[in-house]
2 protein chains.
Amino acid sequence: MNIGEAAARSGVNAKLIRHYESIGVIPKAARSGGGYRTYTDNDVHTLAFVKRARGLGFSMKEIKKLVSLWRNKSRASADVKALALRHVQELEKKIAELDAMAKTLRHLARACHGDGRPDCPILEGLSRPL
Amino acid sequence: MNIGEAAARSGVNAKLIRHYESIGVIPKAARSGGGYRTYTDNDVHTLAFVKRARGLGFSMKEIKKLVSLWRNKSRASADVKALALRHVQELEKKIAELDAMAKTLRHLARACHGDGRPDCPILEGLSRPL
DNA sequence: CTGGGGCTTCCCATCGTTGGAAGGTCAAGA
DNA sequence: TCTTGACCTTCCAACGATGGGAAGCCCCAG
């Protein structure tokens, strides 16, 4: 099948498929006589795998590793688990950062009248060391 | 003072200061005879304001508005509060997304032996619709 | 055999930040 | 006064992941 159908079946945009190929996340697709990329059901499966990994927040670099582990039948599950848990830690770190931001901001906003007057604890909070 | 000292005092990188000026987040700095940017204590204060706003996750677009509200003595605190609360909502949305990712991944990882064998529920989870 | 839709490659934009290159300015020391 | 070296200037490019568009080729249906 051509890239358009592979995109429709995998849920990955055709442009993105070409991009993934160019950065080596997926292997280079076979080409038809006219130079069109051709895909198998297996390729579509790989694309859907990549899409789901993106949905879990993995970087393309990590996904590259995940795909190669996935295709390597003699992988050690410990390698996959390590990659996954490292990513969970990154997620938790980001969550903690965003949470701290939200907490601070909610605190400042709570003290702000929010009316027509110019006095604003939010701006004051941003004006001095937090 | 020159940009270097302004950078040291505000905690904002000199390159970043030029960038902020170029995108209009801060007003254009005055220039010395030799074409060097010159900064006042007030400018440093503005830069520190921007830095703290970044630290709370505001986009440069939002910070541009915050800076203009900050400099506008006749602002309405309601405008600031609305901007802040909208941002809190964005933060909460991102947190929820990351949290869902982490939950899914922890769930998959819990089922993975993490030894030398190739069987891996994490890869299997990524292979089929989540 | 022609039209139009799919495909190709290439470049540009986003967002915030950082890096380098090539060159001008300034202040201190010989 | 001249030199040195730190500081400054502008411009160009990159990161990561994605999207948009242009110019041009390929392929199938009518």
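Values below: every heavy atom of this structure, side chains too, minus hydrogens, waters and symmetry copies. Residue numbers start from 1 in every chain, and the chains themselves are labelled A, B, ... in the order their sequence lines are given, proteins ahead of strands.
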| task | Just call it for A:S32: base, sugar-phosphate, or nothing, with non-hydrogen atoms closer than 4.0 Å on any strand. | result | nothing

| Donor + acceptor pair across side chains of A:D43, A:T40 (<3.5 Å) | yes

| request: Quickly work out the A:N2 CG to D:dC27 P distance and round it to whole Å. | output: 9 Å

| DNA chain D: 5'-proximal contact among A:H19 and A:G34 (nearest heavy atom) | A:H19

| query | What's the CD-P distance between B:E21 and C:dT17, to the nearest Å? | reply | 16 Å

| message | Side-chain N or O of B:Y20 versus OP1/OP2 of C:dT17: is the shortest distance under 4.0 Å? | response | yes

| query | For the side chain of A:R54, counting heavy atoms from C-beta on, which of C:dG19, D:dT18, C:dT17 is nearest? | reply | D:dT18

| note | DNA chain D nearest-nucleotide lookup for B:I3 and A:L16: closer to the 5′ end is B:I3

| Should the ring pair B:F49 and B:W70 be called parallel, tilted or perpendicular, given that the plane angle runs from 0 to 90° and is split at 30 and 60? | parallel

| Of the nucleotides C:dT17, C:dG5, C:dG20, which one has an atom closest to the side chain of B:K15? | C:dG20

| query | Do you know which two heavy atoms are closest between B:R75 and B:L69, and how far apart they sit? | reply | CD-O, 2.9 Å

| field | For atom CD of B:E5 and atom P of C:dT25, their distance in whole Å | value | 21 Å

| query | Over how many whole Å does the gap from A:R31 atom CZ to C:dC7 atom P extend? | reply | 12 Å

| query | Taking atom P of D:dG16 as reference, at what distance in whole Å does atom CD of A:E90 sit? | reply | 13 Å

| request: Give a yes-or-no answer on whether the side chains of A:S77 and A:D79 include a donor-acceptor pair shorter than 3.5 Å. | output: no

| Any side-chain heavy-atom pair of A:H113 and B:K81 under 4.5 Å | no

| Can you find a donor-acceptor pair, distance only, under 3.5 Å between A:Y36 side chain and D:dC27 base? | no

| D:dT9 phosphate, OP1 or OP2, under 4.0 Å from B:R37 side-chain N/O | yes

| field | B:M60 or A:G4, whichever maps to the more 5' nucleotide of DNA chain C | value | A:G4

| request: May I have the distance from A:K64 (atom NZ) to D:dA17 (atom P), rounded to whole angstrom? | output: 11 Å

| Taking only side-chain nitrogens and oxygens of A:R18, does any of them come within less than 4.0 Å of OP1 or OP2 of D:dG19? | no

| How long is the line joining CD1 of B:I17 and P of C:dT18, in whole Å? | 12 Å

| task | Please report, rounded to the nearest Å, how far the P atom of C:dT8 is from the CG atom of A:N13. | result | 13 Å

